[in-house]
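Working notes for the structure below.
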Amino acid sequence: MLRGFYTAASGMISQQRQQEALANNIANANTPGYKADQTTLRAFPELLLKEMGSQERLSTTQGGLQFPIQKPIGSINTGVYVQETIPNFVQGDIRETGIATDIALVDGTMPDDAGSLFFTVQNEAGEVRYTRNGNFTVDGEGLLVTNQGYYVLDNAGNPIETNGMEFEVSSEGVLQTPEQAVQLGISYTADVNGMAKEGNDLFTGDAEQIPEGATFSIHQGFLEQSNVDTLQTMTDMMNAYRMFETNQRVLRAYDESMGKAVSEIGRIG
């Protein structure tokens, strides 16, 4: 009986966490470069049930001792849980904005099936991070920054000085100003599944300089949109809500059965 409580409760918790991930995707449907989160559910180990109290048990002899053999009844599942949440790194749609500081990074040929490219930035702690959000701007010091104020780095790991909005970026990622030309810091990871979200459109993980065989193109005045499928996400939210309600009804039924067991079956006289 108590096992049923745990099974239904684990189902409710897993659906609640899945709903939270889906709600976060909806909230970021208009965030440039956002990668939708996908949750994976996994079942707890199954238990094998065996017959107890049967008068027809067989026995086996080992070392002169007899041991009863219980007849297997079948297996029972003990619930599910959210194993992990993984970002979906499929390229988002490219939208023209006409703003010079908006830069879209478009993946081309990758030497690895799970490989992808990122802009290289520096967070407030001075640590290198990665992003697909090219919604950049220029701060008061004339440095190219993200919309959260993080420095956009060049291929040498230094902040990029533009001294204003008058600059051009070639399709190869070369940023040209009247004073200088620098290469945008584009980093490559062979396995995007090893990248983890840190918040504020930033990712952490192992990345390197662009290897031979990896191609890309830069589009100034464009932005990569979120890859959230709004209609599918809304459908998934409704399914998760229905599954939560189903587990809730099962839990209520178990609670009523336990109440009867305590108040009626256990009554004396």
Side-chain angles (χ1 to χ4, degrees), residues 21 25 28-29 31-40 83-97 101-123 126-136 144-148 150-160 167-176 180-229 232:
N25 288 342
N28 287 279
T31 301
Y34 178 80
K35 302 305 177 184
D37 285 327
Q38 304 174 112
T39 55
T40 60
Q83 183 181 21
E84 59 183 341
T85 301
I86 326 171
N88 176 14
F89 285 95
V90 171
Q91 177 94 46
D93 294 334
I94 305 302
R95 178 177 63 87
E96 184 175 7
T97 64
T101 53
D102 287 341
I103 302 174
L105 172 59
V106 179
D107 292 338
T109 303
M110 297 292 117
D112 303 280
D113 291 338
S116 188
L117 300 169
F118 296 86
F119 293 111
T120 308
V121 300
Q122 185 182 80
N123 66 8
E127 300 167 331
V128 173
R129 294 293 184 264
Y130 310 98
T131 185
R132 291 287 301 201
N133 188 347
N135 184 208
F136 301 146
L144 189 66
V145 295
T146 69
N147 53 9
Q148 287 88 15
Y150 305 138
Y151 295 129
V152 180
L153 304 180
D154 61 19
N155 61 345
N158 301 313
I160 299 174
F167 64 87
E168 294 183 357
V169 183
S170 70
S171 60
E172 291 79 23
V174 177
L175 188 148
Q176 180 77 50
Q180 62 176 347
V182 296
Q183 175 70 46
L184 286 173
I186 308 296
S187 297
Y188 173 80
T189 179
D191 185 10
V192 290
N193 295 321
M195 305 295 283
K197 286 187 176 182
E198 190 180 68
N200 294 325
D201 304 325
L202 301 184
F203 291 90
T204 63
D206 296 327
E208 58 186 15
Q209 291 187 346
I210 301 175
E212 184 177 354
T215 62
F216 68 93
S217 60
I218 295 294
H219 298 263
Q220 186 178 16
F222 290 78
L223 280 177
E224 178 186 358
Q225 297 301 290
S226 164
N227 66 358
V228 174
D229 186 336
Q232 183 61 48

> Got Phe136 and Asn147 here, is their nearest side-chain heavy-atom distance under 4.5 Å?
Replying inline: no
> Are Thr131 and Tyr150 close enough that some pair of their side-chain heavy atoms sits under 4.5 Å apart?
Replying inline: no
> Is Asp102 close to Glu96 at the side-chain level, that is, under 4.5 Å between some pair of heavy atoms?
Replying inline: no
> Quick check: does any side chain N or O of Gln220 sit under 3.5 Å from a backbone N or O of Ser170, one acting as donor and the other as acceptor?
Replying inline: no
> Do side-chain atoms of Thr39 reach the backbone of Thr85 as a donor and acceptor pair under 3.5 angstrom?
Replying inline: no
> With distance as the sole test, does Asn200 use its side chain to make a donor-acceptor pair with the main-chain N or O of Leu202 at under 3.5 Å?
Replying inline: no
>> Using every non-hydrogen atom in the two residues, find where Leu105 and Ile218 come nearest and quote the distance to one decimal.
In response: CD1-CD1, 3.7 Å
> Can you name the closest pair of heavy atoms from Pro211 and Pro111 and give their distance?
Replying inline: CG-CG, 4.1 Å
> Which value, rounded to the nearest 0.5 Å, describes the distance between Leu223 atom CG and Thr97 atom OG1?
Replying inline: 5.0 Å
> Taking all atoms of both residues into account, what is the closest heavy-atom pair of Ile210 and Phe216, and its distance?
Replying inline: CD1-CE2, 3.2 Å
> Of all residues at least two apart in sequence or in a different chain, which pass the side-chain hydrogen bond (donor to acceptor under 3.5 Å, both in side chains) check with Glu127?
Replying inline: Asn123, Arg129
> Out of Thr31, Asn133, Asn135, which residue meets the side-chain hydrogen bond (donor to acceptor under 3.5 Å, both in side chains) rule with Asp201?
Replying inline: Asn133
>> side-chain contact (heavy atoms from CB on, under 4.5 Å) for Ile103 and Phe119? Distances and angles first, verdict last.
In response: CA-CA 10 Å; Ile103 302 174; Phe119 293 111; 3.8 Å; yes
> Is there a donor-acceptor pair under 3.5 Å between the side chain of Glu224 and the backbone N or O of Gly33?
Replying inline: no
> Which of these, Asp154, Ile160, Asn155, sits in a side chain to side chain contact (heavy atoms under 4.5 Å, CB included) with Leu184?
Replying inline: Ile160
> So which heavy atom on Ala36 is nearest to which on Asn25, and how close?
Replying inline: CA-OD1, 3.6 Å
> Hey, does Gln91 have a side-chain heavy atom less than 4.5 Å from the side chain of Arg132?
Replying inline: yes
>> Check whether Lys35 reaches the backbone of Asn227 with its side chain - one donor and one acceptor, N or O, closer than 3.5 Å.
In response: no
> Are any of the side-chain heavy atoms of Val106 and Phe222 separated by less than 4.5 Å?
Replying inline: no
> Is the count of non-hydrogen atoms from other residues, nucleotides or ligands lying under 6.0 Å from Gln180 atom CD greater than 12?
Replying inline: yes
>> Are the side chains of Thr189 and Asp206 in contact, using a 4.5 Å heavy-atom criterion?
In response: no
> If you look at every heavy atom in Gly205 and Tyr130, which pair is closest and at what distance?
Replying inline: O-CE1, 3.7 Å
> Should Thr40 and Ile86 count as side-chain neighbours, where that means a heavy-atom distance under 4.5 Å?
Replying inline: yes
> To the nearest 0.5 Å, what is the distance between OG1 (Thr204) and CD (Glu198)?
Replying inline: 5.5 Å
> Pairs in or reaching into residues 109-120: which pass side-chain hydrogen bond (donor to acceptor under 3.5 Å, both in side chains), with residues at least two apart or in two chains?
Replying inline: Asp107-Ser116, Asp112-Tyr188, Thr120-Ser187
>> Would you compute the distance between atom CZ of Phe118 and atom CE of Met195 and round it to the nearest 0.5 angstrom?
In response: 4.5 Å
>> I'd like to know if the side chain of Gln183 and the backbone of Glu172 have a donor-acceptor N/O pair within less than 3.5 Å.
In response: yes
>> Would you compute the distance between atom CG of Leu117 and atom CZ of Phe89 and round it to the nearest 0.5 angstrom?
In response: 12.0 Å
> For Asp93, does its backbone N or O pair with a side-chain atom of Gln225 as donor and acceptor, under 3.5 Å?
Replying inline: no
> Taking the side chain as C-beta and beyond, is there a heavy-atom pair between Val182 and Phe167 under 4.5 Å?
Replying inline: no
